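One structure below.
When a residue number appears, it is its place in the shown sequence, counting from 1. Predicted, not measured: the structure shown is a model, and the values here were computed from it.
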Amino acid sequence: MPHTRSGFNPPAMALLAALLVWPAAASSAAVDTYFERGFMVEAGARCRLFAPEVQSALISAREQARGVALREGASVAGLRSVADRARTRGLSTPCDSAELAAAARRVRSGFEGYARTIRQDFAGDRLGWKADRSISRQQVLWRLSQDVTQDGSRMRFGIAGRGGADSLMAVASFTGGASPYAARIVMRDQRLTAGAYLDMRGESLRTLPLPRRIPPGGPFVSYTAEARSPAGEDLLMAGVKSGWAFRFPAKAAAAISELDPREAIIVEFLFSSGPPRRLHVEVGDFAAARAFLSITRS
């Protein structure tokens, strides 16, 4: 059923110390933190307050704060309203405001060091994301990945690339060496649903199995892989000798970023004989991790 809890306090204007906490602060301050980071993202872009790497780090922090707020019970509609207020305030605050200048100094102090971080783990409820801003022109690197082991199948899903050219990919290996001829990503259709489907009957969110985080009967939207090839050694999970690599369109990554971090998506593999195999991925802090990858290397 859609998650409908919406208890949260209206955001305060004061730029509290929570603005600089990484990851986001305790649940009672999560919505305020999301507002404050959103405000500074907008004001920073308009007034050119920060170096590009600090601005990108702040965007990642804003998305992580959104995830914390949703996990602690804020509603999607409520956070959308908070984001609108933050944007309005960020676009209307005078660039020469003394308050804004003081807040900008605190942001620089808190994020300049973080912007130099190369690797970051983004923990989830069941599975998490590993982000790596390293770039190689010689080999393909996993820049963002989540490892899935399910029903004897193994998959690494995320963003991989070489020389700064990244793609959303799934690399999977199946029992008996089965070879899929196609793959697609299946997720909740946000246009036709009110929010995330979370079947929490008798279960806490932290332990809720991934199959119970996606509507059992839709409505769904799907993205079919654009390319298929045998996976190179640089893409395979540790201990896996062979597998198949599928590349998905960029708009699929954008769609995942817009989902609720508490829900799941399905990567479905099709075979010439036998039923499809469906592997579940936790959305988690995909949006924050993806923003982390965009931090400019100084």
Side-chain angles (χ1 to χ4, degrees), residues 122 124-131 140 142-161 166-190 193 196-199 208-232 234-240 242-287 289-290:
F122 293 82
D125 292 328
R126 302 297 296 259
L127 300 173
W129 296 97
K130 290 185 176 297
V140 178
W142 280 105
R143 307 245 291 142
L144 181 61
S145 63
Q146 182 175 125
D147 290 351
V148 177
T149 299
Q150 182 183 319
D151 301 328
S153 302
R154 300 187 67 186
M155 176 182 71
R156 178 165 287 172
F157 178 82
I159 294 174
D166 294 339
S167 298
L168 184 67
M169 299 189 68
V171 174
S173 177
F174 301 96
T175 53
S179 300
Y181 68 85
R184 63 176 185 160
I185 297 171
V186 180
M187 66 185 75
R188 174 179 61 88
D189 191 334
Q190 298 181 72
T193 54
Y197 176 92
L198 301 170
D199 180 7
L208 187 65
L210 297 186
R212 290 168 59 180
R213 296 170 183 250
I214 188 167
F220 297 129
V221 61
S222 64
Y223 298 88
T224 301
E226 299 175 322
R228 164 188 177 271
S229 65
D234 45 6
L235 289 175
L236 292 170
M237 296 170 61
V240 176
S242 64
W244 290 94
F246 292 87
R247 187 186 75 234
F248 296 94
K251 61 183 178 181
I256 297 171
S257 294
E258 295 174 358
L259 291 171
D260 190 308
R262 299 166 296 179
E263 61 187 308
I265 64 173
I266 294 172
V267 183
E268 183 178 66
F269 298 91
L270 306 178
F271 299 83
S272 57
S273 62
R277 303 191 190 184
R278 301 179 178 92
L279 304 182
H280 291 81
V281 172
E282 181 177 342
V283 173
D285 284 329
F286 180 84
R290 188 169 171 237

Measure the shortest side-chain to side-chain distance between [X] and [Y] over non-hydrogen atoms and say whether it is less than 4.5 angstrom.
X      : Y      : answer
Met187 : Val221 : yes
Ile185 : Leu168 : yes
Asp151 : Arg277 : no
Phe286 : Leu259 : no
Trp129 : Glu282 : no
Phe157 : Leu279 : no
Val171 : Leu236 : yes
Leu127 : His280 : no

How long is the gap from [atom1] on [X] to [atom2] on [Y], to the nearest 0.5 Å?
X      : Y      : atom1 : atom2 : answer
Leu235 : Trp244 : CG    : CH2   : 13.5 Å
Leu144 : Arg156 : CG    : CZ    : 11.0 Å
Ile266 : Ile214 : CD1   : CD1   : 4.0 Å
Ser222 : Glu268 : OG    : CD    : 8.5 Å
Phe269 : Arg278 : CZ    : CZ    : 12.0 Å

Does the distance from a Lys or Arg side-chain N to an Asp or Glu carboxylate O, for Asp260 and Arg188, drop under 4.0 Å?
-> no

Is Arg213 salt-bridged to Glu263, cutoff N-O under 4.0 Å?
-> no

If every non-hydrogen atom of [X] is compared with every non-hydrogen atom of [Y], which pair is closest and at what distance?
X      : Y      : value
Gly161 : Arg143 : N-CG, 4.3 Å
Gln146 : Gly128 : CG-O, 3.3 Å
Met169 : Ala245 : CE-CB, 3.9 Å
Ser173 : Ser242 : OG-O, 3.2 Å

Are any side-chain N or O atoms of Asp234 and backbone N or O atoms of Val140, one a donor and one an acceptor, separated by less than 3.5 Å?
-> yes

Per-pair distances, 0.1 Å, donor-acceptor, side chain in residues 246-253, under 3.5 Å, sequence neighbours excluded:
none

Tell me, with the steps shown, if Leu270 and Tyr181 meet side chain to side chain contact (heavy atoms under 4.5 Å, CB included).
-> CA-CA 6 Å; Leu270 306 178; Tyr181 68 85; 3.8 Å; yes

